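Computed from a prediction, not measured in an experiment: that's the story for all the values here. Just so we're on the same page: letters track the sequence lines, and every chain starts at 1.
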Amino acid sequence: MEADGFQGLLDGLTEPQARAVQHTEGALLIVAAAGSGKTRVITRRIAYLIGTGAPPWSILALTFTNKAAGEMRERVLHLLGGAESRQARGLTVTTFHSLCARLLRRHAEAAGLKPDFTIYDTSDQSALCKKVIESLQLSTSNFPPRSVLSAISNAKNQLLTAEQFAGRAMDFSARNIAKVYSAYSKALRAANAVDFDDLLLLTANALRENEPFRSECQERWQYLLIDEYQDTNSAQFQIASQIAGKGAPGSQGPNICVVGDPDQSIYGWRGADISNILDFEEHYKGASVILLGENFRSTAPILAVADTLIKNNKKRKAKPLFTSRTGGDKVDAILCRDERHESELVVTWLKHLHEGDPLDPEAPLNPDDSLAPASIAWREMAIFYRTNSLSRVMEDALRAHAIPYTIARGTAFYDREEIKNALGYLRMVANPADDVSLSRIVNTPARGIGDTSLTRVENWATVNGLTLLAGLKRAGEIQDLSSRATNAIAKFVEQLDGWTGGGSFMGAEVPSTLAELVERIIRESGLEAMYKSQAKASKNESDEERLDNLAEMVSSAREFELEYDPDNDPAAFPGIDEARSGQLGAIPPLLGMLRAYLESVTLVADADAVDPSQGSVTLMTLHAAKGLEFKGVAMIGLEEGMLPHSRARESDKELEEERRLCFVGITRAMQRLLLTAAKYRSMRGIPERTVPSRFLAELPAEHMRISDQSDAYADLKGTAWDDDEDADLADSPAPAPAAAPPPPRIAGPASQFPVGSRVRHPQFGIGEIKSVTPGLNARAEVWFKDVGKKTLILEYARLTRI
DNA sequence: CAACGACGCTCGAAA
DNA sequence: AGCGTCGTTG
């Protein structure tokens with residue numbers, strides 16, 4: 001950068017923004033309200049640091065998603081004068097989890113690991129946990145793996161080891177969970193694996209207990225920056241504190257800058273501790289605090305709605321949220337009939353935006369304003385919901401109207417059965433101790449190693465303290481194994497060895513590239529043939545798709561290979577590593593790349609899948625929406641039990657987190673916002689009467705355009721549903737704009753359906769009433785002779801007496 | 001040993 | 001409605 005170049009980094013910034021950029025030494029807390037130009041400030045601050053002489057390799061910036069890290073890095077490079085900028089060499093912008101994974105590989109011995117460990121995802125965790133529970137003779141119904149794992153995860157997030165957890169476990173259940181925790185940890189280590197929580201926990205512990213490791217980190221990273229600080233948990237706090245240290249001797253303390261917004265803290269359930277940000281000033285005495293309150297993203301009405309809502313949180317530091325903009329459309333709120341009606345109305349609304357719906361005539365546009373009512377591209381729109389299950393109906397409607405859409409689910413591709421199978425083979429190659437992956441693939445495709453044989457090998461291996469693979473390799477020594485099974489096992493073991501060159505990855509036949517390895521494994525394992533033959537036999541469409549996906553995986557490996565840079569490892573410490581490499585021994589390059597590939601695959605976030613270049617509407621959960629912005633946003637399912645979620649209604653603490661979640665959703669919208677609630681929503685197949693979310697009632701009506709379209713159907717008047725005790729959505733329901741044509745529905749009071757009477761149902765045909773449940777959620781149990789399930793519990797609404 | 005169907009349970013957000 | 005487990009049959 002030129003001598004005076006970095007001064008340009010302050011151009012166009014507000015006074016507090018500029019102060020934040022220039023504040024480079026000592027502790028700094030930036031409380032950045034939604035849409036206050038946070039990313040702009042962070043990226044310029046990093047560029048400013050480098051411009052004023054800080055070596056790039058001494059800067060560590062941590063985020064929660066790969067996408068956030070990638071964008072931040074990109075923008076810093078751009079500020080420094082292009083992607084080729086040498087000035088950014090060694091700059092580390094990454095996620096907590098990636099950093100920890102890299103550190104743990106480089107310093108495996110400090111954490112009691114081997115460097116080739118596997119990272120277990122949620123489903124691997126469940127599989128392992130289930131095995132452990134069974135091996136402890138506990139019942140999986142009294143101790144469901146899911147809830148046991150959540151208890152263990154909680155403990156880990158609070159940095160409690162199995163021993164410490166056991167010390168606090170008083171009742172029967174907790175003591176058993178402690179036993180599972182302990183056995184589960186041992187099983188993980190035996191499989192040379194760590195789970196997501198371990199990445200943070202083991203790193204935090206290693207930093208605390210291993211002085212040389214800690215010093216290395218402290219000496220390298222003199223400047224620490226953490227984004228979304230309100231969402232850090234105890235482990236992450238510990239990691240940050242340890243790396244920050246006490247600062248250089250004679251300094252004012254460490255150069256740690258944290259950025260966050262307590263009003264956007266939405267990850268309490270995974271251990272995020274809001275006091276990390278609230279107590280920052282106490283932890284770092286003399287810390288500066290800069291408040292970014294001015295919003296540059298949303299229109300005034302959207303902002304007013306958000307601000308009014310969040311003010312209902314009692315446990316909150318009041319914080320200004322303002323804009324100098326004027327004009328802008330009111331916020332739309334529609335009460336819909338049911339989820340199908342809701343999805344139709346959302347589609348209609350999105351189409352209006354796409355076609356350039358004029359602004360609200362009641363709100364005259366300030367001519368200076370840039371809030372153009374021009375048409376909004378699909379990629380500038382998003383639909384948010386509280387739970388993933390709400391996406392399905394929405395998808396149906398979007399597909400029916402040929403509107404392009406993408407669901408933000410980063411792991412979707414890797415969750416597929418065929419991909420998981422292929423990954424299972426790759427993980428075995430990378431880590432032969434990985435029992436969970438091995439048991440997944442050992443008989444997929446079927447190769448004559450069934451449950452009975454496998455259980456025998458497993459038991460034998462456990463008794464002898466060996467991994468499953470070691471057990472398979474010595475199958476000949478196992479007594480009650482059939483010769484057929486022994487032969488099948490021998491063949492399989494030989495095949496595994498063929499891919500790894502006998503485990504050393506040095507064999508002559510070993511592939512030379514990652515893509516080649518992936519391709520070979522898919523073919524030689526028989527996975528390809530398995531889906532091919534199935535595709536032929538049943539002309540099953542999904543198997544064709546599976547083959548395509550496997551091919552796609554080969555290209556993804558090739559792509560990874562092209563971008564992979566072994567030198568760009570944030571945990572590689574120049575100077576220190578050369579000294580160490582002698583002890584570590586050389587890692588075959590392909591193995592290193594394979595590890596990195598598997599790691600990147602496991603650590604993708606849902607938000608990473610958001611890609612505006614796709615030109616489509618983005619669907620995602622409210623949690624995934626944090627940090628993003630869209631010109632048009634629709635939030636669906638604003639009902640009691642959905643948002644706030646039913647499981648959060650008991651505690652005020654969780655309720656306030658739900659409100660923050662709602663706040664996060666609202667503040668993503670730049671120009672137009674639609675909030676919808678459905679009067680009836682089907683949960684687990686049963687339509688249920690809902691009550692509009694209390695959050696809707698908290699919003700300021702003067703900034704909103706509210707309409708109740710829930711009984712816009714003439715044929716419902718005077719029926720059982722016209723009992724109108726709707727919780728008030730609005731004082732003045734406006735007339736309905738273009739409502740989608742409703743599906744015809746006929747309903748009647750309970751007396752119309754005596755037991756034994758015959759009814760017609762639009763989906764299930766003709767049936768007979770078995771019993772009725774009167775009341776608000778009136779339902780009938782109906783017997784259908786033409787339906788597999790025979791007896792269904794249905795709402796009256798869709799029944800006709802015949 | 002594999003494939004299929006019936007039954008029963010669950011039903012939140014995620015790296 | 002969707003999933004996992006169990007029991008039956010080929």
Side-chain angles (χ1 to χ4, degrees), chain A residues 63-69 94-101 119-123 125-127 130 140-141 144-147 149-150 153 156-157 194-201 228 231-233 235-236 266-272 384-390 392-393 408-411 414-415 443-454 482 484-485 488 530 534 537-538 599-609 620-626 637 641-649 654 657-658 660-661 664-665 681-688 763 788-790 792-793:
Chain A
T63 64
F64 276 78
T65 68
N66 302 302
K67 183 164 176 278
T94 187
T95 66
F96 269 103
H97 285 86
S98 290
L99 176 74
C100 289
I119 302 168
Y120 275 1
D121 67 19
T122 313
S123 64
Q125 288 179 49
S126 297
K130 203 178 150 224
T140 43
S141 48
R146 222 180 100 91
S147 58
L149 275 172
S150 113
S153 173
K156 288 188 178 181
N157 286 333
V194 300
D195 64 19
F196 286 130
D197 300 318
D198 280 339
L199 287 174
L200 304 177
L201 172 76
E228 308 283 12
D231 285 328
T232 51
N233 63 25
Q236 288 159 326
I266 55 174
Y267 282 107
W269 52 273
R270 65 176 200 203
F384 303 153
Y385 34 80
R386 176 63 176 84
T387 65
N388 283 307
S389 60
L390 293 193
R392 170 156 275 136
V393 199
R409 278 213 52 134
T411 52
Y414 301 102
D415 281 343
N443 204 30
T444 309
R447 50 169 71 86
I449 311 173
D451 283 344
T452 345
S453 309
L454 189 61
S482 71
R484 224 170 64 176
M530 178 173 98
Q534 283 179 22
S538 61
E599 184 177 298
S600 74
V601 158
T602 312
L603 296 181
V604 284
D606 280 352
D608 297 343
M620 70 185 103
T621 64
L622 285 163
H623 282 94
K626 192 172 58 142
M642 277 314 309
L643 183 67
H645 195 270
S646 51
R647 305 240 271 219
R649 278 186 298 195
E654 283 188 77
E657 183 156 311
E658 296 289 305
R660 291 194 290 270
L661 198 49
V664 165
R681 188 176 295 281
S682 292
M683 296 290 287
R684 56 189 199 269
I686 300 166
E688 296 201 39
Q763 187 181 348
K789 288 240 170 148
K790 308 284 189 212
L792 299 164
I793 296 171

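A/R681 has its CZ atom 16 Å from the P atom of C/dA1, to the nearest Å. Atoms CZ (A/R392) and P (C/dA1) sit 10 Å apart, rounded to a whole Å.
With sequence neighbours left out, A/V393 forms a side chain to side chain contact (heavy atoms under 4.5 Å, CB included) with A/E339, A/R340, A/S343. Residues meeting the side chain to side chain contact (heavy atoms under 4.5 Å, CB included) test with A/T387, sequence neighbours left out: A/S389, A/L390, A/M642, A/H645. Every residue was checked against the side chain to side chain donor-acceptor pair (under 3.5 Å) condition with A/D606, not counting sequence neighbours, and none meets it. A search for salt bridge (charged side-chain N to carboxylate O under 4.0 Å, His left out) contacts involving A/E599 returns A/R102, A/R105, not counting sequence neighbours. Applying the side chain to side chain contact (heavy atoms under 4.5 Å, CB included) test to A/N157 and every residue at least two apart in sequence or in another chain returns A/S153, A/D197, A/N233. Legend: residues meeting salt bridge (charged side-chain N to carboxylate O under 4.0 Å, His left out) with A/R681, ordered by chain and number and at least two apart, are A/E342, A/E639. A/T444 meets the side chain to side chain donor-acceptor pair (under 3.5 Å) test with no other residue; sequence neighbours excluded.
Taking atom C1' in both C/dG4 and B/dA13, the straight-line distance is 23 Å, to the nearest Å.
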**Asked** Just by protein heavy atoms under 4.0 Å, how would nucleotides 10-15 of chain B read 5' to 3' in B, S and -?
**Response** -BBBBB

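Between A/R647 and A/E654 there is no salt bridge, since none of the side-chain N atoms of the basic residue sits less than 4.0 Å from a carboxylate O of the acidic one.
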List every contact pair, protein side and nucleotides 5-10 of chain C side both N or O, where the distance is under 3.5 Å.
residue : atom : partner : partner atom : Å
C/dT5   : OP1  : A/K130  : NZ           : 2.8

